[in-house]
> 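Let me begin by handing over the structure; questions about it come next.
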Amino acid sequence: MTQGRNQITAWLLLLPAVVLLAAFTHVPAVMTLFNSFYNTPRGVRPAKFVGIGHYTDMLSDPVFLAALKNNAIYAIGTVPVAIGLAMLMALIVNSSIRGKAMLRMSFFLPTILPMIAVANIWLFFYTPGYGLIDRFLGMFGFAERNWLGDGSTALGSLMVLAVWKEAGFFMIFYLAALQQISPSLGEAAALEGAGRWYFFRRVTFPLLMPTTLFVLINAIINSFRLIDHVIVMTRGGPDNASTLLLYYIYQTAFRFWDTGYAAALTMVLLALLALLAFVQFGILDRRVHYK
Amino acid sequence: MSVSALPQPLQSREQSFWHALEVLGCYLLGALWILPLLYAVWMAFHPAGYEVRLDLTAPLTLTNFIQAWNAAPFARYFLNTFVLISVILVSQFVICTLAAYAFARYDFRGKTLVFMLVLIQLMIMPEVLMVENYRTMVKLGLVDTVWAMGLPYMASAFGIFLLRQAFLTVPKELDDAARVEGAGPLGVLLKVYVPLSRPIYVAYGLVSVSYHWNNLLWPLVITNSVSTRPLTVGLQVFSSPDQGVQWSIISAAALMTSAPLLIGFLLFQRQFVQSFMRAGIK
């Protein structure tokens with residue numbers, strides 16, 4: 001077969017994927033940038049060029065700033081906790097404890113259920129006075145609280161749900177990594193009289209590092225991408241106390257129909273994701289190997 | 001190899017006490033994690049009066065499920081979800097297989113660049129670009145169709161990457177042998193690569209099905225009628241707070257919409273976990 005024919009075959013094989021990816025990822029990303037410099041057409045009035053107007057508006061938009069701050073708190077609050085728990089769960093499930101299958105099921109089950117379904121269930125748990133959490137705390141004499149309706153607890157309540165939902169998913173990656181670690185390492189360490197904590201700190205944890213970095217990036221992406229629970233439980237409220245960036249984009253585009261401003265907001269999200277991509281492929285890849 | 005699996009030669013009384021405490025802690029964590037779901041099951045199978053009364057003599061009932069089923073067109077939503085995930089899965093298998101084959105076994109100009117461009121989608125999922133994708137669907141006249149829900153996901157970077165990795169492990173000799181016997185590129189792909197990568201297809205299939213069964217945001221944006229809405233959007237419409245539905249009925253609806261995944265998982269737990277692990281290792 002000639003080199004030329006090979007080239008044509010390769011491109012024909014790629015054609016459907018390339019067309020679809022271009023149509024729904026690359027072109028929209030470029031168009032988002034383009035549209036972010038125009039305001040939203042209203043009725044007969046066409047879109048007008050506003051330059052960086054949307055971006056300067058953003059700096060004085062309290063909802064955007066709140067969304068950015070909330071998203072940062074959300075990521076910083078959920079990601080390390082979920083990763084720590086995931087590692088712990090994987091160690092438990094990979095140990096010689098009795099009832100491993102049951103434990104694994106209980107950790108993993110939340111991750112395969114729709115976020116919308118579990119968010120509805122948790123909505124009940126958070127119900128002031130009547131819900132499970134207030135009933136439980138009531139036994140210890142705590143007053144009832146409007147968990148989702150109070151600006152100081154709304155975001156935290158969403159974060160607890162997110163950790164519960166995601167930890168089991170990340171556990172799977174750790175479980176896979178743990179099973180690749182040779183048992184002879186543990187035997188050798190035991191012969192040397194190394195304690196379990198010492199062994200974890202000096203052997204297991206470093207060997208899990210590539211997994212941790214991989215999970216870390218994915219967990220951060222998820223914290224920007226998943227807003228189903230915001231839609232169900234708080235709708236960003238009260239007073240934007242629990243709004244996240246993608247939720248604000250959703251609201252701006254499909255509630256207020258201000259697509260020009262939504263495009264500019266999307267650019268901020270794209271910039272953040274690009275930064276993450278840069279960190280992953282540019283810096284961390286020196287240590288993480290995709291064979 | 002885990003820490004707690006280390007042999008413990010010196011088992012003093014104090015040590016076994018700490019060990020027991022540790023085991024107890026593990027079970028507590030497991031119980032805590034399953035509790036919300038168990039509670040949802042409790043609410044769904046008991047009359048509304050027992051929502052917050054844990055009485056073991058409470059009568060079991062299916063009323064909540066029946067009421068939920070009759071309160072919204074869930075049968076239609078089930079059908080819509082089923083059609084949606086089938087369309088996506090079949091298209092993903094075909095499109096990703098072809099692309100993965102090109103990346104694994106062909107040399108062509110710009111290969112590295114195209115591969116990088118594909119990988120971008122791992123970071124920028126279609127829902128992030130929903131504003132622009134919505135505009136595209138309006139132009140194509142596809143709003144509120146199964147195609148609008150599915151098209152952005154069909155060329156999945158994750159699938160292409162996963163299958164490429166699998167194809168790379170197929171010995172080149174098998175490829176050559178099939179070609180000597182006169183098989184064309186597609187013949188080799190179907191006779192050699194696809195059968196040898198079956199576990200990866202199962203893994204990718206399970207991940208994809210559970211992702212799209214659960215997906216809410218993009219379908220919520222792009223659908224507006226009962227005849228296209230998938231289960232997740234249907235549940236969202238059904239349980240909106242202003243509807244004032246009882247908690248026990250909402251629980252029943254939530255469990256009902258997750259039931260096929262839940263039952264599938266409980267039956268094939270091993271395969272599920274292994275598939276997710278396989279998809280995760282890369």
Side-chain angles (χ1 to χ4, degrees), chain A residues 6-7 9-11 13-14 16-17 20-21 24-25 28-29 31-32 91-92 94-97 103 105-109 112-117 120-121 124 130 132 135 172-173 175-176 178 181 183 185-186 190 196 199-200 204 221 225 227-228 253-254 259 262-263 266 269 273 276-277 290, chain B residues 1-7 23 26 30 33-34 36-37 39-40 52 95 98-99 101-102 106 108 117-118 120-121 123-129 131-133 136 151-152 154-155 160 185 210 213-214 216-217 221 232 235-236 239 247 250-251 254 257-258 261 265 269 273 276-277 280-282:
Chain A
N6 260 335
Q7 296 262 343
T9 316
W11 280 104
L13 289 168
L14 282 174
L20 283 170
L21 279 170
F24 298 107
T25 302
M31 286 306 288
T32 303
L91 286 170
I92 293 174
N94 199 47
S95 75
S96 52
I97 194 169
L103 284 169
M105 185 192 77
S106 129
F107 295 146
F108 190 61
L109 217 42
I112 62 157
L113 299 180
M115 182 54 127
I116 160 100
N120 270 303
I121 294 166
F124 165 74
Y130 189 65
L132 200 59
R135 293 251 158 185
I172 294 294
F173 298 100
L175 207 50
L178 280 175
I181 298 178
L185 282 174
R196 290 164 53 205
F199 181 76
F200 174 75
T204 315
I221 295 176
R225 188 178 67 84
I227 55 161
D228 299 4
F254 300 105
T259 47
T266 305
L269 185 51
L273 291 172
L276 272 176
Y290 299 100
Chain B
M1 184 66 230
S2 106
V3 279
S4 16
L6 282 179
V23 170
C26 295
W33 235 251
I34 197 80
L37 290 177
Y39 202 87
V52 291
I95 292 166
L98 296 177
Y101 185 44
Y106 281 87
F108 52 92
L117 284 172
V118 168
I120 285 182
Q121 202 215 25
M123 293 279 167
I124 305 171
M125 277 92 167
E127 50 265 30
V128 170
L129 293 165
V131 182
E132 210 51 52
N133 281 338
T136 309
L151 273 172
M154 285 178 185
I160 294 172
S210 54
W213 191 286
N214 297 344
L216 171 73
L217 186 56
V221 165
T232 44
L235 182 61
Q236 157 67 9
S239 60
W247 288 115
I250 290 186
S251 279
T257 53
S258 332
L261 274 186
F265 174 71
Q269 211 201 126
V273 172
F276 273 76
M277 271 163 58
I281 297 173
K282 297 189 181 175

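When reading the values below, keep in mind they use all heavy atoms of this one structure, side chains included, and skip hydrogens, waters and symmetry mates. Quick caveat, the model's predicted, so the values are computed rather than measured. Sequence lines set the chain letters: A, B, ... in the order given, protein chains first and strands last, and positions in each chain run from 1.
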> For A:Met105 and B:Phe265, work out which heavy atoms get closest and say how close.
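In this case the closest contact between A:Met105 and B:Phe265 is CG-CE2, 3.8 Å.
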> Partners of B:Asn214 by side chain to side chain contact (heavy atoms under 4.5 Å, CB included), sequence neighbours excluded?
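With neighbours one apart ignored, the set is A:Pro114, B:Leu261.
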> Would you mind checking which part of A:Phe254 comes under 4.5 Å of any heavy atom in chain B, side chain (CB onward), backbone (N, CA, C, O), both or neither?
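A:Phe254 touches chain B through side-chain heavy atoms alone.
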> Using a 4.5 angstrom heavy-atom cutoff, name the option from A:Pro16, A:Ala117, A:Ala253 with the most pairs to chain B.
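Top count of heavy-atom pairs under 4.5 Å with chain B: A:Ala117.
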> Tell me which of these, A:Leu276, A:Leu175, A:Ile112, A:Ile227, has more heavy-atom pairs under 4.5 Å with chain B than the rest.
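Looking at each option in turn, the highest pair count goes to A:Ile112.
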> Among the options B:Ile120, B:Val23, B:Val118, B:Val128, pick out the one with the most heavy-atom pairs lying under 4.5 Å from chain A.
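Greatest number of close heavy-atom pairs with chain A: B:Val128.
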> With only heavy atoms counted, which part of A:Ile121 is less than 4.5 Å from chain B, the side chain, the backbone, both or neither?
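Side chain only.
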> A:Ala10 and B:Phe108: which non-hydrogen atoms are nearest, and at how many Å?
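Closest heavy-atom pair between A:Ala10 and B:Phe108: CB-CD2, 3.5 Å.
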> How long is the gap from CG on A:Leu113 to OG on B:Ser258, to the nearest 0.5 Å?
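Rounded to the nearest 0.5 Å, the CG-OG separation comes out at 5.0 Å.
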> Go through the atoms of B:Thr136 and report whether side chain, backbone, both or neither lie under 4.5 Å from a heavy atom of chain A.
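Only the side chain of B:Thr136 comes within 4.5 Å of chain A.
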> Pick from B:Pro36, B:Gly30, B:Cys26, B:Ser210: which one has the most heavy-atom pairs with chain A under 4.5 Å?
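Most heavy-atom pairs within the cutoff with chain A belong to B:Pro36.
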> Applying side-chain contact (heavy atoms from CB on, under 4.5 Å), run through A:Thr32 and B:Leu129 and close with a yes or a no.
CA-CA 8 Å; A:Thr32 303; B:Leu129 293 165; 3.8 Å; yes
> If I take atom OG1 from residue A:Thr25 and atom CD from residue B:Gln121, how far apart are they, to the nearest 0.5 angstrom?
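Result: 4.5 Å between the selected atoms.
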> Rounded at 0.5 Å granularity, tell me how far OG1 in A:Thr9 sits from OH in B:Tyr106.
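OH of B:Tyr106 is found 5.0 Å from OG1 of A:Thr9.
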> Report which part of B:Met123 has an atom under 4.5 Å of a heavy atom belonging to chain A: side chain, backbone, both, or neither.
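Contact with chain A involves both backbone and side-chain atoms of B:Met123.
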> Roughly how far, to the nearest 0.5 Å, is CE of A:Met115 from CG of B:Leu217?
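The distance works out to 12.0 Å.
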> Could you pull out all residues at least two apart from B:Ala99 that satisfy side chain to side chain contact (heavy atoms under 4.5 Å, CB included)?
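Side chain to side chain contact (heavy atoms under 4.5 Å, CB included) list for B:Ala99, sorted by chain: A:Leu14, A:Ala17, B:Ile160.
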> Would you mind telling me which of B:Ile124, B:Ile95, B:Asn133 has the largest number of heavy-atom pairs within less than 4.5 Å of chain A?
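Most pairs with chain A among the choices: B:Asn133.
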> Please state whether the side chain, the backbone, both or neither of A:Leu273 comes within less than 4.5 Å of a heavy atom of chain B.
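Contact with chain B is through both the backbone and side chain of A:Leu273.
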> Nearest 0.5 Å please: distance from the CD1 atom of A:Ile116 over to the CG atom of B:Leu216.
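With rounding to 0.5 Å, CD1 (A:Ile116) is 5.0 Å from CG (B:Leu216).
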> Hey, could you give me the CD/CG distance between B:Gln236 and A:Asn120, rounded to the nearest 0.5 Å?
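Here the interatomic distance stands at 7.5 Å.
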> Would you call the rings of B:Tyr39 and A:Phe124 parallel, tilted or perpendicular, taking 30° and 60° as the class edges?
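Parallel: the ring planes of B:Tyr39 and A:Phe124 meet at under 30°.
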> Under 4.5 Å from any heavy atom of chain A, what part of B:Val221 do you find: side chain, backbone, both or neither?
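Contact with chain A: side chain only.
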> Are B:Pro126 and A:Phe24 close enough that some pair of their side-chain heavy atoms sits under 4.5 Å apart?
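No, every pair of side-chain atoms sits at 4.5 Å or beyond.
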